[in-house]
Trainee: 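Have a look at this one before I ask anything.
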2 protein chains.
Amino acid sequence: MKLKTIEDFFLHGHQFNLPGVSVDNVIFGFHENQLKVLLLQSLDKNIWMLPGGFVGKKEHIDEAASRILKDRTGLDIIFLKQFYTFGSPLRSNNKILVKALESLNQKYDKDHWIMQRFITVGYYSLVEYANVNPQPDEFSSVCEWYDLDPLPELLLDHKEIIYKALDEMRLNLNYQPIGYNLLPKEFTMKNLQSIYETILGRKLDRGNFNRKILSYDILDKKEKHYSGGAHKAPYLYSFNKKKYFKALENGLGRDF
Amino acid sequence: MKLKTIEDFFLHGHQFNLPGVSVDNVIFGFHENQLKVLLLQSLDKNIWMLPGGFVGKKEHIDEAASRILKDRTGLDIIFLKQFYTFGSPLRSNNKILVKALESLNQKYDKDHWIMQRFITVGYYSLVEYANVNPQPDEFSSVCEWYDLDPLPELLLDHKEIIYKALDEMRLNLNYQPIGYNLLPKEFTMKNLQSIYETILGRKLDRGNFNRKILSYDILDKKEKHYSGGAHKAPYLYSFNKKKYFKALENGLGRDF
DNA sequence: AAATTAATGAGTCATTATGACACAATGATA
DNA sequence: TATCATTGTGTCATAATGACTCATTAATTT
């Protein structure tokens, strides 16, 4: 089979005219044993949305995700995981963007790329709430942490994206260690357990959690004990950086 | 923070100019206890590549993947799984495509979308070798099954894509049933075991495999026995369609 | 027709992983 | 000094896993 005319190919039963590519970040924050998610409020104050943006011409999608994360949170180089790509044609013209453009007397005709529909590559990360100073972007008035339950009215399929990210993050607890960027250099086993419990949304048995985590062999036990709290002083642990990142790469045991 | 000019936004430290979106399918074929992968040979016969294509203007990316699968194999509605999105900027201008266009005196300037770099959403599927009649597309002369080891020289990062697909498919054996579209209505446990062994690339214990699969509760045991082979006749099984697709949706147990 | 053969069905058994729970030790607080 | 909540450690029953055994059986051979 040979190529006849280029139109033959492009219009072969389909309207080929490329959708654009954007990135949406689901940034979970860990605060007082609660999961929050970072959201932006549109300029007209009606709708919330995930921090996201277009992918630069010569930019790796992973870099675009990092850049957006940094712009919204000030955070650098942290664990960002691509979890799914959303490609429904209903993810069409970003009405918020179009509105914003119109309000500034910026108009683009239907063929301009900005008016096309977008494919969105989703990334998630889990960051320490206190380290973040949320910054709104050009299309939003507010950027802040929001409780996962209940979520406000969200743009397009952003609610679906958040739930999918949560599912994937939970699944991934069985394969990859977590907590390195969420805990101080030295921490107690209870601190770490709280993170797992918060993500999973359920309590875990203390003894069994201990056994499991220690079997991963990514922690160093300190001689020092924590003091300051009431009652018996727990041991302090730190992540063994080398083993942690090796496990992040190669995976761990399974199942919580 | 407010939007000043649109250029402000688009050029805010980055060259925004959208990459395009394409889909690449990694189609594994199961034949005589070997895994094959469907590849296309470029018109100039130098390089092999994965079947792929652009995403239509109003097309869901999942549909684009299905369409490409159907065009290359004639197969309809089978299990296609999105596994990763490849977004390196080095995935630039498809030289094969450009060459093909030039050879047909089709030229496009640098700004035409077809000359942009592409983001590729990867899908994989596992199909029955014998059901497929491979069809080359407009940019290829040959479409055929190729052994996984060794792979020929491949376009861009297509080798990486294939290995990633294989990894993901193996991981997924722990979560989703497989085999429905690979086996006749009635089959023996050995038939099914062969599929798992082929995908995993290692032998499994017969008794343990039996126990594990039956614990999934997706098979119906037939009263009839298989006859035709030498030696003791094994039971025949069939997938319980309802249970199978429920498990495909909700997941099964873990670990092989 | 009987013996042979090799794959099957159905188990056993040791080891490991998991979930639920128990209890003594401890260190701040009363 | 006694209290008390939390911690470190361990037990125990159950489930899951990996390696293996053995009688059964249907086609093939003798």
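Note that the coordinates shown come from a computational prediction; the quantities given were computed from them, not determined experimentally. Chain identifiers are assigned alphabetically (A, B, ...) following the order of the sequence lines, protein sequences preceding nucleic acid strands; residue numbering begins at 1 within each chain.
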Trainee: In whole angstrom, give the distance that lies between atom NE2 of B:His225 and atom C1' of C:dA10.
Mentor: 13 Å
Trainee: Hey, is the main chain of A:Gly207 close enough, under 3.5 Å, to the side chain of A:Asp205 for a donor-acceptor pair?
Mentor: yes
Trainee: With nearest nucleotides of DNA chain C determined for B:His231 and B:Leu236 from heavy-atom distances, which residue corresponds to the more 5′ nucleotide?
Mentor: B:His231
Trainee: List the residues meeting side-chain hydrogen bond (donor to acceptor under 3.5 Å, both in side chains) with A:Arg211, not counting sequence neighbours, and say none if there are none.
Mentor: A:Asn208
Trainee: Which nucleotide, C:dG9, D:dA26, D:dG8, lies nearest any side-chain atom of B:Tyr235?
Mentor: C:dG9
Trainee: Using atom NZ of A:Lys203 as one end and atom P of C:dG19 as the other, report the distance to the nearest whole Å.
Mentor: 17 Å
Trainee: Centroid-to-centroid, B:Phe86 to B:Tyr84, below 6.0 Å?
Mentor: yes
Trainee: Pair up each side-chain donor or acceptor in residues 179-189 of chain B with any protein partner under 3.5 Å, not counting sequence neighbours, and list the distances.
Mentor:
from: B:Asn181; atom 1: ND2; to: B:Leu126; atom 2: O; distance (Å): 2.9
from: B:Glu186; atom 1: OE1; to: B:Lys224; atom 2: NZ; distance (Å): 3.2
from: B:Thr188; atom 1: OG1; to: B:Lys190; atom 2: N; distance (Å): 3.4
from: B:Thr188; atom 1: OG1; to: B:Asn191; atom 2: N; distance (Å): 3.2
from: B:Thr188; atom 1: OG1; to: B:Asn191; atom 2: OD1; distance (Å): 3.1
from: B:Thr188; atom 1: OG1; to: B:Asn191; atom 2: ND2; distance (Å): 3.4

Trainee: Phosphate oxygens OP1/OP2 of C:dA17: is one of them under 4.0 Å from a side-chain N or O of A:Lys212?
Mentor: no
Trainee: Which of these passes side chain to side chain donor-acceptor pair (under 3.5 Å) with A:Asn172: A:Arg170, A:Glu168, A:Gln176?
Mentor: A:Gln176
Trainee: May I have the distance from A:Leu204 (atom CG) to C:dA20 (atom P), rounded to whole angstrom?
Mentor: 11 Å
Trainee: Going by heavy atoms in the side chains, are A:Glu59 and A:Arg67 under 4.5 Å from each other?
Mentor: yes
Trainee: Using atom CG of B:Asn210 as one end and atom P of C:dG11 as the other, report the distance to the nearest whole Å.
Mentor: 12 Å
Trainee: For the pair made of CG in A:Leu214 and P in D:dT7, what is the distance, rounded to whole Å?
Mentor: 15 Å
Trainee: Among C:dG9, D:dT7, D:dA26, which is the nearest nucleotide to the side chain of A:Pro234?
Mentor: D:dT7
Trainee: From CZ of A:Phe209 over to C1' of C:dA20, roughly how many Å is that when rounded to an integer?
Mentor: 17 Å
Trainee: For the ring pair A:Tyr244 and A:Phe239, is the centre-to-centre distance below 6.0 Å?
Mentor: yes
Trainee: Below 3.5 Å is the cut-off: list the nitrogen or oxygen pairs between protein and nucleotides 19-23 of chain D, distance only.
Mentor:
from: D:dA19; atom 1: N7; to: B:Asn208; atom 2: ND2; distance (Å): 3.2
from: D:dA19; atom 1: N6; to: B:Asn208; atom 2: OD1; distance (Å): 3.4

Trainee: Atom CD1 of A:Ile213 to atom P of C:dG19: distance rounded to whole Å?
Mentor: 13 Å
